[in-house]
Colleague: 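One structure, pasted below without further comment.
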4 protein chains.
Amino acid sequence: MGGVDGDAGSGGEAYSRGRIDKRQAIVRAAFDVFARDGYAQASVDAIAAAAGVAKPTIYNHFGAKENLFRVVMADVGRRATAATLEVLGAFPAEPDDLRAELTQLGRRLTTCFADPVSTSLRRLLHAEIVRFPDLLDEVRAGAATPVIDALAGPLARLATAGHLQLSDPIRASNQFIALIGDELPALTALGTRPAPPEQIDAVVTAGVDTFLRAFGTADNSPALGDPDPHAATTSHPT
Amino acid sequence: MGGVDGDAGSGGEAYSRGRIDKRQAIVRAAFDVFARDGYAQASVDAIAAAAGVAKPTIYNHFGAKENLFRVVMADVGRRATAATLEVLGAFPAEPDDLRAELTQLGRRLTTCFADPVSTSLRRLLHAEIVRFPDLLDEVRAGAATPVIDALAGPLARLATAGHLQLSDPIRASNQFIALIGDELPALTALGTRPAPPEQIDAVVTAGVDTFLRAFGTADNSPALGDPDPHAATTSHPT
Amino acid sequence: MGGVDGDAGSGGEAYSRGRIDKRQAIVRAAFDVFARDGYAQASVDAIAAAAGVAKPTIYNHFGAKENLFRVVMADVGRRATAATLEVLGAFPAEPDDLRAELTQLGRRLTTCFADPVSTSLRRLLHAEIVRFPDLLDEVRAGAATPVIDALAGPLARLATAGHLQLSDPIRASNQFIALIGDELPALTALGTRPAPPEQIDAVVTAGVDTFLRAFGTADNSPALGDPDPHAATTSHPT
Amino acid sequence: MGGVDGDAGSGGEAYSRGRIDKRQAIVRAAFDVFARDGYAQASVDAIAAAAGVAKPTIYNHFGAKENLFRVVMADVGRRATAATLEVLGAFPAEPDDLRAELTQLGRRLTTCFADPVSTSLRRLLHAEIVRFPDLLDEVRAGAATPVIDALAGPLARLATAGHLQLSDPIRASNQFIALIGDELPALTALGTRPAPPEQIDAVVTAGVDTFLRAFGTADNSPALGDPDPHAATTSHPT
DNA sequence: GATGAATGAGTATTCATTCAT
DNA sequence: TATGAATGAATACTCATTCAT
């Protein structure tokens with residue numbers, strides 16, 4: 001029941017391994033339960049059961065449900081950011097085909113954003129920000145800001161190299177993210193349903209096209225007309 | 001403690017008036033409490049107290065907490081949509097200064113999106129979509145889709161009139177919303193903090209500029225360079 | 001289980017009777033359980049079971065365990081005081097045989113002091129005074145002070161009438177209580193075991209004798225020698 | 001947090017010394033915690049922390065909380081009795097000024113009775129006698145009986161020597177204790193508040209006076225009237 | 001229709017105790 | 001011997017819901 005992959009069975013090498021394993025098991029199980037039930041409805045009993053530990057073990061490790069929640073959120077935030085940053089890190093410094101590269105980047109980013117970890121984190125943040133106002137900053141410190149910055153860097157380099165025409169890379173970074181990702185919540189029912197990949201692709205392609213219309217230079221192959229004029233694939237925000 | 005008698009003594013205009021008043025009072029109070037505490041943590045006791053009615057009265061009207069929640073969400077969704085549609089309805093059919101009109105539209109829309117009703121609805125949807133998967137469709141049917149459509153219409157007209165160059169008005173509508181609104185959650189801490197108006201203005205201005213760079217025609221006053229190159233006002237998504 | 005006499009079955013006359021009955025039942029049952037288990041170990045579950053009500057009913061009436069405890073203690077304090085005051089009120093204004101009257105008073109008082117209600121109150125006060133420092137004053141205000149005063153009055157009158165020779169009736173009142181009652185805790189194992197009446201009698205008789213030796217006048221029949229010189233009946237304080 | 005290592009590094013005088021030290025440390029700490037929180041509410045965790053040992057160490061030494069409690073109570077009972085017996089042992093065999101000597105004895109005894117160790121013991125006995133009915137006998141065997149006896153001896157000698165006129169020294173011993181000490185609980189809030197020394201003195205003086213009125217002979221300086229007729233200092237029993 | 005009162009089921013948290021080290 | 005870690009059992013308190021009035 002519950003339980004993520006968990007490399008628990010790796011054999012008991014060190015003494016303290018059990019401790020760490022249990023702590024990790026609790027954090028993973030807690031995320032699953034929190035994501036499913038929300039903070040308030042997630043019972044510590046359910047978390048303990050999912051983690052395969054006794055309830056007091058959770059209290060020994062985390063002291064209180066709230067603490068556990070914070071640890072889980074920070075952990076998940078870190079994981080989600082890492083995945084996104086890895087994608088951004090793979091963006092080539094000097095792309096051959098800028099449109100193609102941006103499109104691939106957009107696809108990969110949407111995959112990150114649509115990932116269960118990412119969407120659950122999103123939902124939990126929205127759900128609990130009133131109760132835990134500081135949570136947002138804690139998670140975002142290691143989550144959103146670096147992502148925008150990590151995209152702004154390459155964009156600035158592309159501008160310097162003459163491949164893009166923009167003066168505020170941070171803003172352009174935000175706008176790129178907005179153009180390719182803003183429809184995701186609507187398409188995926190806030191991350192609870194997988195979206196048809198071709199719909200996402202259409203959004204990304206259109207987003208990249210608009211981005212290049214706005215910021216591209218002559219060397220970007222001009223997308224004549226709209227690249228994918230299927231109105232049917234359009235979605236609506238939430 | 002518990003159960004004020006409310007406006008019982010207000011004299012009997014119509015017999016059924018008190019009934020309707022109480023129902024409305026409950027729905028309004030319930031929204032406040034749900035917005036503050038979330039669905040699970042919102043106690044029917046608290047709602048009854050806030051509405052100035054006895055607990056069983058709530059059950060007489062709505063049967064169960066879940067029903068009340070659905071009614072509240074539908075009601076709020078309707079209110080939020082109405083406000084947004086009103087803003088969109090005010091968009092002139094034949095604008096003099098397209099950039100100015102789009103900017104004003106963007107400002108008004110961001111005001112709608114940042115409204116407590118709207119942001120609370122957003123948070124509650126995120127929070128409860130797992131428990132109530134159908135809620136999204138119920139609310140969106142009367143909320144998001146019409147908004148995009150209501151913007152797509154004018155955009156299409158502008159394209160026909162030669163003021164914009166776009167082939168998929170629905171998609172452009174989505175992108176306009178994305179460009180002006182995607183940073184709002186980050187700027188307002190998911191709607192829990194008021195954002196400095198000048199930051200929002202900067203985002204809107206930049207969004208409109210990018211939109212016009214991408215879709216504008218010669219008759220839109222060309223924004224030479226970036227109109228508001230203050231990187232400081234840039235924010236990050238969530 | 002448990003449950004004091006409880007005139008519950010007196011038939012449902014008034015509407016609100018059930019409410020009062022339940023409240024009383026809870027208070028009585030709570031006293032039994034508190035007396036048996038102490039404050040901390042007395043579970044609200046046990047009290048509810050003993051009172052024949054559901055647990056939340058207790059919380060509806062008293063809010064918290066601590067509150068219930070305070071109410072119970074005040075109630076018991078009142079009852080214990082009332083019983084003692086009644087005994088003192090029966091002391092004749094102009095006794096024929098002072099020694100006999102004092103002895104009877106002493107016997108009755110010791111009966112009061114050894115009563116389960118009184119001894120349980122005593123034990124609970126000792127047990128919880130650290131946790132509830134104000135409890136003592138609350139209970140004593142209506143408990144001990146009036147008792148001493150109620151005895152001091154008659155003593156003063158007897159002194160005025162020439163039957164006793166004392167100048168500080170309050171102090172004499174305290175001393176009378178001390179002489180007849182100080183051994184009670186030792187004799188009754190702090191009120192947990194019934195003491196042989198003859199042992200109590202012996203203490204009372206000896207106490208009255210000492211009291212009259214100290215404060216009596218010629219018209220008190222002199223107790224020649226010690227009236228009951230059985231060392232065996234002597235006990236020890238705690 | 002949790003488990004200091006204590007004075008572990010103090011160098012090994014005797015091997016078993018640390019053991020004994022730890023045992024003693026546990027007993028002392030346990031008394032403090034029991035006195036503060038009561039038996040049921042005193043957590044073994046708190047005791048371990050106060051003693052500077054790990055929780056299992058307590059179980060290694062005492063097996064169970066109940067055992068520890070018994071050991072602590074016996075220990076404290078022994079200490080309290082020893083202090084009282086020491087005071088009684090200092091009572092002169094052939095006093096010059098009986099009234100003065102008795103008064104000093106009374107003062108010293110009240111000091112013993114009001115000592116934190118003594119009052120805490122008292123409170124714990126009252127609190128736990130229902131749960132541990134045998135505790136009283138265990139503690140009293142080494143506590144109360146010897147005290148009465150130790151006072152009865154000198155009183156008997158004084159009677160034999162003609163300084164007192166009494167036939168039952170045990171009873172007189174009890175009564176002396178009652179007269180000087182019965183108000184102590186009321187004056188000290190069951191030992192939780194220090195009583196104004198002059199109030200205690202007044203009680204002792206008055207108690208000794210009454211005692212001598214009852215049992216004194218011509219060679220005790222007659223206290224004409226009451227020695228300290230300040231009604232204000234009078235207190236009330238509990 | 002509205003309500004005061006009652007309740008069955010459930011929640012977070014704590015504690016005495018034990019095991020493996 | 002001493003301890004870090006783990007646990008089964010229990011506890012105060014809350015909540016959505018119902019019933020009698």
Side-chain angles (χ1 to χ4, degrees), chain A residues 12 15-16 18-20 22-23 40-48 52-66 68, chain B residues 1-6 8 15-16 18-19 22-23 40-48 53-66 68, chain C residues 12 15-16 18-20 22-23 40-48 52-66 68, chain D residues 1-6 8 15-16 18-19 22-23 40-48 53-66 68:
Chain A
Y15 294 101
S16 56
R19 182 115 223 262
I20 292 177
K22 288 220 158 142
R23 190 186 166 94
Q41 285 295 87
S43 83
V44 179
D45 264 312
I47 295 172
V53 302
K55 217 186 329 181
T57 303
I58 294 181
Y59 284 89
N60 285 342
H61 279 274
F62 299 96
K65 190 187 180 186
E66 179 177 332
L68 173 58
Chain B
M1 208 164 286
V4 198
D5 59 351
Y15 288 98
S16 56
R19 184 107 224 274
K22 287 216 161 154
R23 191 186 165 93
Q41 285 297 87
S43 82
V44 178
D45 262 312
I47 294 171
V53 302
K55 222 185 331 181
T57 303
I58 294 181
Y59 284 89
N60 286 340
H61 278 276
F62 300 96
K65 189 187 181 186
E66 181 178 329
L68 173 58
Chain C
Y15 293 101
S16 56
R19 181 118 226 261
I20 292 178
K22 286 217 160 146
R23 191 185 165 95
Q41 285 296 87
S43 83
V44 178
D45 266 312
I47 295 171
V53 301
K55 215 186 332 181
T57 303
I58 294 182
Y59 284 91
N60 284 343
H61 278 275
F62 300 96
K65 189 187 179 185
E66 180 178 329
L68 173 58
Chain D
M1 210 163 286
V4 198
D5 58 351
Y15 289 98
S16 56
R19 186 107 222 274
K22 287 217 158 152
R23 191 185 164 95
Q41 285 296 88
S43 81
V44 178
D45 262 311
I47 296 171
V53 301
K55 221 185 330 181
T57 304
I58 293 181
Y59 284 89
N60 287 342
H61 278 275
F62 300 96
K65 190 187 181 185
E66 180 178 330
L68 172 58

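Reminder, nothing fancy here: chain letters follow the sequence lines and each chain counts from 1.
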Colleague: How many Å lie between CG on A/Leu68 and P on E/dT13, as a whole number?
Modeller: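 Going from CG in A/Leu68 over to P in E/dT13 covers 10 Å.
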
Colleague: Please check the phosphate of F/dT1 (OP1 and OP2 only) for any side-chain N or O of D/His61 closer than 4.0 Å.
Modeller: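 It does not, given that no N or O in the side chain of D/His61 lies less than 4.0 Å from OP1 or OP2 of F/dT1.
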
Colleague: Decide yes or no on side-chain contact (heavy atoms from CB on, under 4.5 Å) for C/Val44 and C/Tyr59, but give the supporting numbers first.
Modeller: CA-CA 9 Å; C/Val44 178; C/Tyr59 284 91; 3.5 Å; yes

Colleague: Going by the rule salt bridge (Lys or Arg N to Asp or Glu O under 4.0 Å), which residues pair with C/Lys55 if we only count those two or more places apart in sequence or in a different chain?
Modeller: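 Per chain and number, C/Lys55 pairs via salt bridge (Lys or Arg N to Asp or Glu O under 4.0 Å) with C/Asp45.
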
Colleague: Find the bend of the helix from E/dA2-F/dT21 to E/dT21-F/dA2 as the angle between its two terminal axes (five pairs each), to the nearest 10°.
Modeller: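 Inter-axis angle at the ends, rounded: 20°.
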
Colleague: Distance criterion of 3.5 Å, no angle test: do you see the side chain of A/Asn60 paired donor-to-acceptor with the base of F/dA6?
Modeller: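 Side chain to base: pair present.
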
Colleague: Are the side chains of C/Val53 and C/Ile47 in touch, meaning some heavy atoms are under 4.5 Å apart?
Modeller: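 Result no, sub-4.5 Å side-chain heavy-atom pair not found.
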
Colleague: Could you tell me how far apart C/Phe62 (CZ) and E/dA6 (P) are, to the nearest whole angstrom?
Modeller: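 Result: 11 Å.
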
Colleague: Scan nucleotides 16-18 of chain F against the protein and return all N/O pairs shorter than 3.5 Å with their distances rounded to 0.1 Å.
Modeller:
{"from": "F/dA16", "atom 1": "OP1", "to": "B/Ala42", "atom 2": "O", "distance (Å)": "3.0"}
{"from": "F/dA16", "atom 1": "OP1", "to": "B/Lys65", "atom 2": "NZ", "distance (Å)": "2.8"}
{"from": "F/dA16", "atom 1": "OP2", "to": "B/Val44", "atom 2": "N", "distance (Å)": "2.9"}
{"from": "F/dT17", "atom 1": "OP2", "to": "B/Tyr59", "atom 2": "OH", "distance (Å)": "3.0"}
{"from": "F/dT17", "atom 1": "OP2", "to": "B/Lys65", "atom 2": "N", "distance (Å)": "3.0"}
{"from": "F/dT17", "atom 1": "O4", "to": "B/Lys55", "atom 2": "NZ", "distance (Å)": "2.9"}

Colleague: Of all heavy-atom pairs between A/Arg23 and A/His61, which one has the smallest distance, and what is that distance?
Modeller: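 Looking at all heavy atoms of both residues, the shortest contact is NH1-O, 3.8 Å.
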
Colleague: Tell me if a side-chain donor or acceptor on A/Lys65 pairs with a main-chain N or O of A/Ala40 at a distance below 3.5 Å.
Modeller: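 Judged by distance alone, yes, a pair lies under 3.5 Å.
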
Colleague: C/Ala54: which residues meet the side chain to side chain contact (heavy atoms under 4.5 Å, CB included) condition with it, sequence neighbours left out?
Modeller: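 Side chain to side chain contact (heavy atoms under 4.5 Å, CB included) list for C/Ala54, sorted by chain: C/Pro56, C/Thr57.
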
Colleague: Below the 4.0 Å mark, does E/dG4 have OP1 or OP2 next to a side-chain nitrogen or oxygen of C/Lys22?
Modeller: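 It does not, given that no N or O in the side chain of C/Lys22 lies less than 4.0 Å from OP1 or OP2 of E/dG4.
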
